[in-house]
Amino acid sequence: NVVVSRSIEKDKKVIEKSVEEFMEYPYSIWIAILAEGTRFTKAKHEASIEFAKLKGIEPLKHHLIPRASGFNASVPIMKKYDNVVAYNVEIRFDKNDKNAPTLANLLLRRKVTAHIYFERIPMNKIEPSFEYLYGIYKQKDALAESFNTFGNFYEGRGLKVQEGIKMKP
């Protein structure tokens with residue numbers, strides 16, 4: 001777990017050192033980079049829209065404008081290693097499900113249906129820049145819009161609907 005203070009001047013060395021240590025770990029690991037933070041709230045979304053207007057970029061409807069500093073500091077280090085792959089992941093929950101996707105419902109073993117979109121991205125295709133990361137988040141916003149409108153990640157993007165993998169609890 002790498003805790004940052006949201007000041008790239010302070011965080012860059014911490015991020016670089018931590019990612020380097022993770023990459024040297026002898027077992028396979030996953031590193032989650034949450035470029036928009038971990039909580040989406042109405043207030044944060046409104047601030048994100050104002051930030052987008054200030055920067056002259058299109059606001060996102062279902063996500064916050066990502067913060068690219070940690071991403072930009074991590075990517076060059078991860079690119080040094082041959083066995084690294086990135087995944088763009090979008091998770092959505094059916095609004096018509098009987099149970100909301102809360103920790104309490106999961107702990108009580110109540111059925112919650114998650115729809116997960118995975119896109120594998122080779123590290124050599126990833127650019128450590130705000131523009132690249134913002135493009136990924138625009139795609140994530142289109143995925144969310146399609147799911148909210150059609151109940152899948154495909155129709156709203158003009159793609160053929162694909163049957164997902166259904167797993168037992």
Side-chain angles (χ1 to χ4, degrees), residues 1-23 25 28-81 83-95 101-103 114-159:
N1 190 13
V2 180
V3 179
V4 293
S5 64
R6 299 216 186 259
S7 166
I8 195 59
E9 294 81 26
K10 295 177 186 174
D11 297 334
K12 189 172 189 323
K13 293 290 182 206
V14 171
I15 291 167
E16 289 171 345
K17 181 178 181 282
S18 298
V19 171
E20 193 74 55
E21 287 173 2
F22 288 142
M23 300 311 297
Y25 194 67
S28 295
I29 63 165
W30 288 56
I31 298 173
I33 298 176
L34 306 169
E36 63 174 338
T38 56
R39 283 182 236 99
F40 184 98
T41 65
K42 184 177 182 189
K44 287 181 181 183
H45 188 238
E46 288 170 358
S48 179
I49 290 170
E50 289 304 314
F51 177 80
K53 288 178 184 175
L54 185 70
K55 295 293 182 181
I57 58 175
E58 182 183 344
L60 301 174
K61 186 174 178 181
H62 306 285
H63 295 83
L64 305 177
I65 299 296
R67 297 174 185 244
S69 300
F71 173 81
N72 292 346
S74 302
V75 169
I77 296 164
M78 290 187 280
K79 282 187 168 203
K80 294 180 196 175
Y81 296 84
N83 60 343
V84 179
V85 175
Y87 290 96
N88 174 19
V89 179
E90 182 71 16
I91 302 172
R92 292 284 147 180
F93 297 93
D94 190 336
K95 292 178 185 175
T102 64
L103 182 58
H115 297 261
I116 305 172
Y117 172 90
F118 276 94
E119 176 190 12
R120 184 181 192 274
I121 308 171
M123 283 306 293
N124 65 354
K125 302 283 186 202
I126 297 176
E127 295 302 322
S129 69
F130 172 79
E131 293 75 19
Y132 180 86
L133 187 60
Y134 175 69
I136 292 287
Y137 272 80
K138 281 184 70 170
Q139 177 193 12
K140 292 169 84 58
D141 225 45
L143 290 165
E145 183 66 21
S146 179
F147 187 86
N148 290 348
T149 304
F150 299 101
N152 63 61
F153 295 120
Y154 307 101
E155 286 181 78
R157 298 170 52 235
L159 301 172

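Residue numbers start at 1 and run along the sequence shown. Just so you know, these numbers use all the heavy atoms, side chains as well, and skip hydrogens, waters and symmetry mates.
A distance of 11.0 Å separates CZ of Arg39 from CG of Leu34, quoted to the nearest 0.5 Å. The distance from the CZ atom of Phe147 to the CZ atom of Phe93 is 9.0 Å, given to the nearest 0.5 Å. How far CD1 of Ile91 is from NZ of Lys140: 8.5 Å, rounded to the nearest 0.5 Å. Note that CD1 of Ile136 and CD of Glu90 are 11.5 Å apart. Values are rounded to the nearest 0.5 Å. The distance from the NZ atom of Lys12 to the OG atom of Ser74 is 9.5 Å, given to the nearest 0.5 Å.
When all heavy atoms are compared, the tightest approach of Glu58 to Ile65 is O-CD1, 4.0 Å. Heavy-atom minimum distance, Pro128 versus Phe71: CA-CE2, 4.1 Å. Taking every heavy atom of both residues into account, Lys125 and Tyr132 meet most closely at O-CE1, 3.5 Å. Closest of all the heavy-atom pairs between Tyr154 and Asn152 is N-OD1, 2.8 Å. Residue Leu133 comes nearest to Ala68 through the heavy atom pair CD2-CA, 3.7 Å, listed as atom of the first residue, atom of the second, then distance. Across every non-hydrogen atom of Ala86 and Met123, the tightest pair is CB-SD, 4.1 Å.
Looking at Lys79, its side chain does come within 3.5 Å of a backbone N or O of Ile126 through a donor-acceptor pair. Here the side chain of Lys61 pairs no donor or acceptor atom with the backbone of Ala142 at under 3.5 angstrom. Side-chain atoms of His45 come within 3.5 Å of backbone atoms of Leu60 as a donor-acceptor pair (strictly under, hydrogens ignored). Listed for the Asp141 side chain is a donor-acceptor partner under 3.5 Å among the backbone atoms of His63. Checked by atom type and distance alone, the side chain of Tyr117 never pairs as donor or acceptor with a backbone atom of Asn88 at under 3.5 Å. With hydrogens and angles ignored, the 3.5 Å screen pairs a side-chain donor or acceptor of Asn72 with a backbone N or O of Ser129.
By the 4.5 Å heavy-atom criterion applied to side chains, Lys80 and Glu20 are counted as neighbours. Side chains of Ser69 and Asp11 form no contact here, defined as non-hydrogen atoms less than 4.5 Å apart. Residues Leu143 and His62 are not in side-chain contact: their nearest non-hydrogen atoms beyond the backbone lie 4.5 Å or more apart.
Contact check on Glu36 versus Lys44 returns no salt bridge, with no Lys/Arg side-chain nitrogen under 4.0 Å from an Asp/Glu carboxylate oxygen.
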Worked check of side chain to side chain contact (heavy atoms under 4.5 Å, CB included) between Arg92 and Phe153: CA-CA 9 Å; Arg92 292 284 147 180; Phe153 295 120; 3.8 Å; yes

